[in-house]
Amino acid sequence: MNKPVDPNVSNFIRNIIDEDLASGKHTTVVTRFPPEPNGYLHIGHAKSICLNFGLARDYGGRCHLRFDDTNPVKEEEEYMESIKEDVRWLGFDWGEHLYHASDYFEQLYEFAVKLIKKGKAYVCHLSQDEIREYRGTLTEPGRESPYRNRSVEENLDLFERMRKGEFADGECVLRAKIDMASPNVVMRDPILYRIRHVSHPRTGDRWCIYPMYDFTHCLSDALEGITHSICTLEFENNRPLYEWILEEVFDGPHPQQIEFARLNLSYTVMSKRKLLRLVEEGIVSGWDDPRMPTIAGLRRRGFTPEAIRDFCDRIGVAKANSVVDYALLEHCLREDLNQRAERTMAVLRPLKVVITNYPEGQVEYLEAVNNPQDPSAGTRQIPFAREIYIEQDDFAEDPPKGFFRLAPGREVRLRFAYFITCTDVIKDEAGNIIEVHCTYDPETKGGTAPDGRKVKGTIHWVSVEHSLPAEVRLYDHLFTKEDPNEGDLSENVNPNSLEVLTDARVEPRMQAAKPLERFQFERVGYFCVDPDTTAGRLVFNRTVPLRDSWAKIQKS
RNA sequence: UGGGGGAUCGUCUAACGGCAGGACGGAUGACUCUGACUCAUCUAGUCUAGGUUCGAAUCCUAGUCCCCCAGCCA
């Protein structure tokens with residue numbers, strides 16, 4: 001954690017904890033992050049991770065990582081590994097406190113038996129459709145199941161036989177006996193256990209009955225001594241059930257469920273279902289496509305854990321549904337990268353410049369600062385020669401008003417090198433500019449003129465002979481709409497979310513760049529080395545462009 | 001039309017009966033060997049209508065709008 005915690009952070013959950021601590025209700029804070037291992041983590045999960053682990057850190061408590069693995073049909077071991085990797089990468093440590101809901105299956109079974117013995121649960125043989133019918137609707141009460149008043153003995157026997165595998169999938173379920181007329185549908189005799197003759201990633205074939213979320217979660221929390229069980233808004237309706245179950249069977253202290261609004265980000269989607277769709281329809285290359293809001297995607301894109309944590313701190317925590325502006329995420333990223341990314345020069349769309357008065361065959365090495373924000377990053381030597389590449393955008397034959405880059409007759413500074421003045425524009429038969437001729441002023445070596453004259457523009461460059469070819473992948477929002485859910489998702493996909501440039505040129509130092517290493521391409525943006533990079537082929541992802549006030553002026 | 005939640009600058013979020021504050025975005029300017037960074041100034045808000053109070057974003061009443069719930073998913 002590179003940043004000290006702002007002592008002024010205030011949100012409704014901290015207020016609750018402060019009160020609980022002050023009143024003596026709790027003497028410590030124990031939270032948990034409880035993902036279901038059925039997919040990849042995304043930035044919405046990062047919010048929850050930062051919240052839960054952050055609270056534990058700030059209050060000197062602890063935060064458990066618990067896999068909510070109660071549905072073997074959807075869950076896989078592979079996901080558990082990726083989740084652990086992502087949480088660790090984000091910078092959090094659960095220490096000894098790694099748990100699985102499946103660790104509690106035996107205890108959970110005993111709690112269910114206890115409930116049956118209290119006459120508060122029963123085995124129901126209604127079919128799935130019948131259960132739905134009997135449940136009633138939002139405005140009409142449900143009806144009681146004909147199996148609702150079976151004797152305790154019969155229920156005990158039936159439940160045991162469910163465990164033994166005497167029933168087929170779907171033949172019966174264990175239900176809580178609460179209130180079929182409750183205005184809260186969750187309380188209309190909710191299902192506690194269902195039968196699934198499926199082997200579980202962790203318990204194998206030991207069980208063929210699996211507890212439902214509502215039964216599992218509250219008891220898992222209680223067993224682990226969780227004090228504050230923080231979840232998202234859609235579980236608000238489940239809170240009465242959470243409390244009912246604990247009240248009925250759990251003797252120790254009860255955790256308190258607190259709900260907060262999940263993260264929504266403009267120009268992206270956050271639901272696992274929709275993310276899966278993007279992958280399956282080939283709209284993106286995979287879960288770690290750099291355009292994905294998954295932790296894996298963000299990592300590959302070049303995001304830092306520090307930037308993501310800072311973002312999560314800044315968005316706050318509240319109960320109102322909201323959509324955070326993507327620009328805030330970009331701001332956090334740039335702020336972090338500006339401090340730590342070494343600078344380099346790279347030309348994305350090359351335009352050849354011949355410096356006609358520079359001796360042929362001569363090469364000079366010029367000193368360049370690696371990171372003006374961090375003197376300890378040192379300097380490097382960059383080769384300069386008669387032929388260089390500059391960015392096509394940095395030259396205009398007919399410069400618009402306010403343009404102070406290279407143009408016929410104009411003098412600009414080549415960063416860390418010399419002042420050059422454009423003398424000629426070379427075109428092909430079609431009239432395309434293919435080369436620009438300039439002269440340089442030998443007196444301006446290093447970038448300053450002894451006579452004190454100033455130039456308005458400084459542009460970046462690389463040597464034709466010494467630079468390395470590279471592929472550069474430019475990313476934009478995956479969707480064209482702030483809210484991609486408005487209308488048909490696939491129609492809102494941004495056709496220009498990926499642009500591949502294959503003719504980019506980078507400084508020779510990039511030969512040594514390692515996958516995921518981050519750089520600032522001066523005047524262009526922050527980039528990171530894509531894992532697709534091989535010995536003979538450099539591939540960069542644009543993490544985020546630099547702010548560009550010239551582009552803004554041009555637009556208006 | 002049942003139940004549960006929620007509405008504060010364009011966006012996100014503080015203020016817990018006592019000066020509506022911060023951040024992002026936007027605008028303007030300064031600086032500049034990155035049109036970056038940084039700095040400065042500005043911009044802009046309490047859903048509506050009543051009420052209580054010396055004083056209301058906050059308490060009360062009545063509305064309006066938005067979200068969630070009828071999986072043997074979580």
Side-chain angles (χ1 to χ4, degrees), chain A residues 6 8-12 15 34-36 38 68 70-71 73-75 124 126-128 131-133 135-142 169-175 182-188 190-196 210 212-214 216-217 231-240 259 261 263 266 272 314-332 334-335 338-339 343 345 368-369 372-373 402-405 413-417 419 444 446-448 454-460 482 520-525 545-553:
Chain A
D6 181 351
N8 297 317
V9 288
S10 176
N11 61 54
F12 78 100
N15 293 345
E36 182 188 13
N38 71 341
D68 217 336
T70 59
N71 186 357
V73 176
K74 293 164 69 177
E75 297 149 5
C124 182
L126 248 25
S127 71
Q128 199 165 155
I131 285 182
R132 183 168 41 242
E133 265 180 61
R135 187 152 34 220
T137 69
L138 294 180
T139 50
E140 303 158 44
D169 286 8
E171 205 174 328
C172 55
V173 293
L174 182 73
R175 291 229 250 170
S182 172
N184 180 355
V185 187
V186 171
M187 300 298 274
R188 320 240 260 231
I191 292 167
L192 269 19
Y193 269 87
R194 77 288 217 185
I195 298 169
R196 287 232 202 291
Y210 293 96
M212 299 286 288
Y213 166 84
D214 286 305
T216 310
H217 207 89
C231 63
T232 45
L233 251 30
E234 67 269 24
F235 291 100
E236 229 157 6
N237 294 314
N238 301 53
R239 192 172 62 227
E259 310 86 10
L263 171 67
S266 57
K272 279 185 192 170
R314 291 197 199 210
I315 56 178
V317 182
K319 292 200 71 161
N321 287 312
S322 60
V323 182
V324 176
D325 193 339
Y326 196 89
L328 179 60
L329 218 207
E330 293 188 320
H331 169 81
C332 295
R334 290 193 185 104
E335 192 174 77
N338 180 45
Q339 295 304 318
R343 316 283 126 125
M345 290 197 285
V369 174
Q373 307 293 323
F403 185 87
F404 44 81
R405 276 110 96 146
R413 170 169 37 234
L414 291 175
R415 175 127 238 232
F416 303 124
F419 286 10
T444 57
T448 46
K454 301 285 185 193
V455 287
K456 202 85 163 94
T458 299
I459 64 176
H460 60 277
E482 278 192 35
Q520 183 198 95
F521 289 180
E522 292 220 22
R523 303 208 311 131
V524 179
L546 249 32
R547 290 184 56 142
D548 185 354
S549 54
W550 171 238
K552 228 180 255 179
I553 292 166

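Here is the naming used below: chain letters follow the sequence lines, and residue numbers restart at 1 for every chain.
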Item checked: Glycosidic class, syn or anti, of B:G71 using a 90° window around 0 ->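 Judged by the O4'-C1' to base torsion, B:G71 sits in syn, the angle falling within 90° of 0.
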Could you work out which one of [options] sits closest to the side chain of [X]?
| X | options | answer |
| --- | --- | --- |
| A:K552 | B:A74, B:G5, B:A27 | B:A27 |
| A:A327 | B:C72, B:G25, B:C12 | B:G25 |
| A:V185 | B:G5, B:A70, B:G3 | B:A70 |
| A:N71 | B:A74, B:C16, B:G6 | B:A74 |
| A:E36 | B:G3, B:A74, B:A23 | B:A74 |

Next item on the list: Heavy atoms under 4.0 Å is the rule here; annotate nucleotides 34-39 of chain B 5' to 3' with B where the base is hit, S where only the sugar-phosphate is, and - elsewhere.
Entry: BBSS--
Under 4.0 Å: is that the gap between some side-chain N or O of [X] and OP1 or OP2 of [N]?
| X | N | answer |
| --- | --- | --- |
| A:T137 | B:G2 | no |
| A:S10 | B:A15 | yes |
| A:R194 | B:C73 | yes |
| A:T70 | B:A74 | yes |

Using a 4.0 Å heavy-atom cut-off, does [X] contact any base of the nucleic acid, only the sugar-phosphate backbone, or nothing at all?
| X | result |
| --- | --- |
| A:M212 | sugar-phosphate |
| A:N15 | base |
| A:V369 | nothing |
| A:V73 | nothing |
| A:L263 | nothing |
| A:S127 | base |

Span that lies between the [atom1] atom of [M] and that of [N], in whole angstrom:
| N | M | atom1 | result |
| --- | --- | --- | --- |
| B:A70 | B:A74 | P | 13 Å |
| B:G45 | B:U8 | P | 14 Å |
| B:U13 | B:G6 | C1' | 15 Å |
| B:G21 | B:G2 | P | 41 Å |
| B:U34 | B:C9 | C1' | 33 Å |
| B:G50 | B:A14 | P | 29 Å |
| B:A7 | B:G26 | P | 28 Å |
| B:U28 | B:G63 | C1' | 43 Å |

Checklist line | side chain to side chain donor-acceptor pair (under 3.5 Å) partners of A:R547, counting only residues at least two apart | finding: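 Scan of A:R547 (side chain to side chain donor-acceptor pair (under 3.5 Å), adjacent residues dropped) gives none.
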Could you run down the sub-3.5 Å N/O contacts of the protein with nucleotides 64-66 of chain B?
none

[X] and [Y]: which non-hydrogen atoms are nearest, and at how many Å?
| X | Y | result |
| --- | --- | --- |
| A:C332 | A:R314 | SG-NE, 3.8 Å |
| A:R343 | A:N338 | NH2-O, 2.5 Å |
| A:N71 | A:R196 | OD1-NE, 3.4 Å |
| A:A261 | A:A320 | CB-O, 3.3 Å |

Would you kindly give the [atom1]-to-[atom2] distance between [X] and [N], to the nearest whole Å?
| X | N | atom1 | atom2 | result |
| --- | --- | --- | --- | --- |
| A:F12 | B:A7 | CZ | P | 10 Å |
| A:F416 | B:U32 | CZ | C1' | 13 Å |
| A:L138 | B:C67 | CG | C1' | 14 Å |
| A:M187 | B:G3 | CE | C1' | 12 Å |
| A:R196 | B:C73 | CZ | P | 4 Å |
| A:E234 | B:A70 | CD | C1' | 16 Å |
| A:L329 | B:G25 | CG | C1' | 14 Å |
| A:F235 | B:G4 | CZ | C1' | 15 Å |

Checklist line | Residue whose nearest RNA chain B nucleotide is more 5′ - A:E75 or A:N11 | finding: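 Upstream on the strand: A:N11.
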Notebook entry, point to check: Closer to the 5' end of RNA chain B via nearest nucleotide, is it A:V186 or A:Y193?
Noted result: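 Nearest-nucleotide comparison on RNA chain B picks A:V186.
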Roughly how far, to the nearest 0.5 Å, is the [atom2] atom of [Y] from the [atom1] atom of [X]?
| X | Y | atom1 | atom2 | result |
| --- | --- | --- | --- | --- |
| A:F416 | A:M345 | CZ | CE | 6.5 Å |
| A:D325 | A:I315 | CG | CD1 | 12.5 Å |
| A:Y210 | A:I195 | OH | CD1 | 12.0 Å |
| A:R415 | A:R523 | CZ | CZ | 9.5 Å |
| A:T232 | A:L263 | OG1 | CG | 11.5 Å |

Margin query: Going by side-chain contact (heavy atoms from CB on, under 4.5 Å), name the residues that satisfy it together with A:M212, two or more places apart in sequence or in a different chain.
Written below: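 By the side-chain contact (heavy atoms from CB on, under 4.5 Å) rule, A:M212 matches A:I191, A:R194.
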Next item on the list: Not counting sequence neighbours, which residues clear side-chain contact (heavy atoms from CB on, under 4.5 Å) with A:L546? List them please.
Entry: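 By the side-chain contact (heavy atoms from CB on, under 4.5 Å) rule, A:L546 matches A:Q520, A:Y526.
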Next item on the list: Measure distances between side-chain N and O atoms of A:N237 and base N and O atoms of B:G3, and say whether any donor-acceptor pair falls under 3.5 Å.
Entry: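 Such a pair is found, so the answer is yes.
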Does [X] reach the main-chain N or O of [Y] with its side chain, forming a donor-acceptor pair under 3.5 Å?
| X | Y | answer |
| --- | --- | --- |
| A:S182 | A:M187 | no |
| A:N184 | A:N237 | yes |
| A:T70 | A:Y213 | no |

Next item on the list: Give the stems involving RNA chain B, where a stem is 3 or more consecutive Watson-Crick or G-U wobble pairs (i with j, i+1 with j-1, and so on) under 3.5 Å.
Entry: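 For RNA chain B the paired stretches long enough to count as stems (3 pairs minimum) are B:2-7 with B:64-69, B:10-13 with B:21-24, B:25-30 with B:38-43, B:47-51 with B:59-63.
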